[in-house]
Amino acid sequence: MSGEGQAGKTLTAVKGTHDILPGEVEVWQKVESETKRWLELYGYKELRAPIIEPTELFQKGTGETTDIVTKEMYTFVDKGGRSITLRPEYTPSVARAIVEHRLDLLGAPMRYYYIGPMFRYDKPQKGRYRQFHQVDVEVFGEKDPALDAEIVEMADGLIRGLGVAEIETLINTVGCRVCRPAFSSALRERAAAVQDRLCGDCRRKMENNPLRIFDCKVEGCREQARSFPKITGFLCAECREHFAAFRGHLDRYGVAYRHDENLVRGLDYYTKTAFEIIDRSGGQQNAVLGGGRYDDMMRDFGGPDLCGIGFALGVERLIARLSIKPEPRRFLYVVHQGEAAKAKAIELARFFRRGGVETLIEFGGRSFRNQFGRAGKLGAAWVLIVGEDETAKGIFQLKDMAAGTQVAGPPDELLKGVRS
RNA sequence: GUGGGUGUAGCUCAAUGGUUAGAGCAUCGGACUGUGGAUCCGAAGGUUGGGGGUUCAAGUCCCCUCACCCACCCCA
């Protein structure tokens with residue numbers, strides 16, 4: 001394509017965004033409906049927040065130091081001079097909605113889900129897009145580790161239920177404000193001692209987020225990281241008990257998981273439980289789902305002291321690993337010839353649609369042969385024949401395209417035949 | 001933001017620096033004006049991503065640029 005401002009430029013979708021066309025959209029619809037059904041079995045209700053939010057929401061909620069906030073947000077100033085951001089993630093919006101509408105005073109469980117687009121100004125690659133879609137799940141106000149286990153069991157069951165078999169569920173704990181500082185400084189100290197053997201990125205991580213050294217892909221760093229202190233040795237009593245109880249519940253559910261001490265989450269607000277579901281069949285962007293607990297986020301955000309836990313599932317990443325073929329829809333194709341028949345055909349199309357049958361009628365005015373050919377190619381289940389004779393008698397022909405059989409009758413009788 | 005790869009018809013791909021850039025599939029029309037996705041015949045479809053350069057001559061070589069793909073960073 002030609003560059004900006006050049007003549008002959010064709011318009012294309014914005015970099016990192018994609019059209020989801022008929023043929024593929026049916027897979028999305030299936031994933032969305034199955035997801036909704038599954039989450040609602042666990043008592044979740046849909047909460048729909050706007051796509052745009054005040055920029056400040058993410059600065060406070062997601063964290064000023066995160067990559068998302070420092071370099072990945074779509075931010076603009078609106079005509080009223082407000083700084084607006086297309087949401088890069090959903091959790092802050094839910095927190096805002098709870099505070100704004102005082103949902104915490106309703107007495108109902110604060111279990112929410114949402115499926116929709118998120119926006120991050122990343123460099124696109126496989127499994128990573130500038131507009132992408134997440135299934136987002138949030139629970140606020142429940143601190144029992146039984147919930148942590150229930151959520152992981154639900155997430156695991158959702159992905160398996162959709163047909164991704166080669167998955168692995170990873171769990172870890174990242175401690176809390178009481179115990180993490182000691183761990184961080186121990187880690188920083190240890191990393192500093194061997195820093196000449198770490199990559200540049202890790203030397204940088206050493207300062208602001210030493211936990212992330214654990215998920216570096218450079219072999220030298222991985223090797224060093226193996227001898228680094230583990231979080232489990234630093235956990236406070238509360239975090240230790242929480243993690244033990246969480247695992248106990250997972251065992252009771254029979255969920256297969258692996259404790260990965262290197263699992264850290266990218267967002268600042270996580271506390272205690274962290275989990276991820278990855279696809280084992282290879283590929284780089286293999287994290288299909290990630291989440292954890294964030295017990296301090298709501299309070300830091302200026303809201304009530306409510307703990308929270310949740311996850312986000314990447315819909316594109318999930319669908320890339322699915323091979324489901326939705327059932328083709330069965331529909332009726334109306335063929336007609338002549339002016340009077342055309343008028344009747346239009347009337348009959350409406351009659352069948354009102355009767356609940358998907359009906360397609362086209363107005364090309366071609367031969368019956370042509371129209372039949374087209375009905376066959378489009379995959380019509382039935383063809384309704386409306387010619388001069390039929391129109392005059394009020395008795396029409398209905399052909400079953402798969403069987404090749406044909407019956408005659410008045411419209412209401414044919415409708416019954418199609419619906420049975 | 002950093003690095004690598006690829007750009008030719010709607011799609012998948014051909015074309016030693018040398019005629020008017022081709023093929024398959026798809027589309028449309030005809031054979032075929034009351035019954036099928038087949039077959040045969042035909043048509044349409046392109047500023048070879050864009051711009052500049054080298055050359056008698058560029059789809060092909062060089063530079064720039066854009067887009068897509070892949071990887072890093074980070075994340076879903």
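Below, chain A is the first sequence line, B the second, and so on; all start at residue 1.
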- Task: With RNA chain B as reference, determine whether A:Y121 or A:K15 sits nearer its 5' end, using the nearest nucleotide of each.
- Result: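 In this pair, the answer is A:Y121.
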- Note on the structure: Note: for A:G387 and A:Q134 on RNA chain B, the residue whose nearest nucleotide lies more 5' is A:G387
Which part of the nucleic acid, if any, lies within reach of [X] when heavy atoms closer than 4.0 Å are counted: base, sugar-phosphate only, or nothing?
| X | result |
| --- | --- |
| A:G16 | sugar-phosphate |
| A:E390 | base |
| A:Q371 | nothing |
| A:L318 | nothing |
| A:E72 | sugar-phosphate |
| A:M401 | base |
| A:Y333 | nothing |
| A:A312 | sugar-phosphate |

When the [atom1] atoms of [M] and [N] are compared, how many Å lie between them, rounded to an integer?
| N | M | atom1 | value |
| --- | --- | --- | --- |
| B:U8 | B:U12 | C1' | 12 Å |
| B:C13 | B:C72 | P | 25 Å |
| B:G46 | B:G30 | C1' | 26 Å |
| B:A21 | B:U60 | P | 14 Å |
| B:U48 | B:A14 | C1' | 13 Å |
| B:U47 | B:U6 | P | 23 Å |
| B:G18 | B:C25 | P | 28 Å |
| B:U55 | B:G45 | C1' | 32 Å |

- Query: What residues form a side-chain contact (heavy atoms from CB on, under 4.5 Å) with A:P117, not counting sequence neighbours?
  - Reply: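 For A:P117 the side-chain contact (heavy atoms from CB on, under 4.5 Å) partners, ignoring immediate neighbours, are A:I51, A:R87, A:Y114, A:F119, A:Q131, A:H133.
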Exceeds 12 heavy-atom contacts within 6.0 angstrom, atom [atom1] of [X]:
| X | atom1 | value |
| --- | --- | --- |
| A:E100 | CD | yes |
| A:E46 | CD | yes |
| A:K230 | NZ | yes |
| A:R48 | CZ | no |

- Item | Under 5.5 Å and under 30°: A:F372 stacked on B:U35 | yes
Presence of [X] side-chain N/O under 4.0 Å of [N] phosphate oxygens OP1/OP2:
| X | N | value |
| --- | --- | --- |
| A:Q337 | B:G34 | no |
| A:R369 | B:U33 | no |
| A:K126 | B:C68 | no |
| A:K123 | B:G1 | no |
| A:R366 | B:G29 | yes |

- Message: Closer than 4.0 angstrom, basic N to acidic O: yes or no for A:E362 and A:R374?
- Response: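 Salt bridge flag = yes for A:R374 with A:E362.
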Round to a whole Å and report the spacing from [atom1] of [X] to [atom2] of [N].
| X | N | atom1 | atom2 | answer |
| --- | --- | --- | --- | --- |
| A:L378 | B:A26 | CG | C1' | 14 Å |
| A:L170 | B:A76 | CG | C1' | 14 Å |
| A:M73 | B:C75 | CE | P | 15 Å |
| A:E316 | B:A76 | CD | P | 13 Å |
| A:I115 | B:A76 | CD1 | P | 17 Å |
| A:F396 | B:U35 | CZ | P | 19 Å |
| A:R321 | B:A76 | CZ | P | 14 Å |
| A:I213 | B:C74 | CD1 | C1' | 16 Å |

Nucleotide nearest [X] when distance is taken to its side chain, options [options]:
| X | options | result |
| --- | --- | --- |
| A:S367 | B:U33, B:G37, B:G34 | B:U33 |
| A:Q125 | B:A71, B:U27, B:A76 | B:A71 |
| A:R317 | B:C74, B:C75, B:U27 | B:C75 |

- If the plane angle is over 60° it's perpendicular, under 30° parallel, otherwise tilted; pick one for A:F183 and A:F234.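 The rings of A:F183 and A:F234 sit tilted, inter-plane angle from 30° to 60°.
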- Task: Take A:T405 and A:D400 through the side-chain hydrogen bond (donor to acceptor under 3.5 Å, both in side chains) test and state the conclusion after the steps.
- Result: CA-CA 5 Å; A:T405 56; A:D400 181 316; 4.9 Å; no
- Message: So, under a plain 3.5 Å distance rule, would you say the side chain of A:K399 forms a donor-acceptor pair with the base of B:G36?
- Response: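 Answer is yes: a donor-acceptor pair is held.
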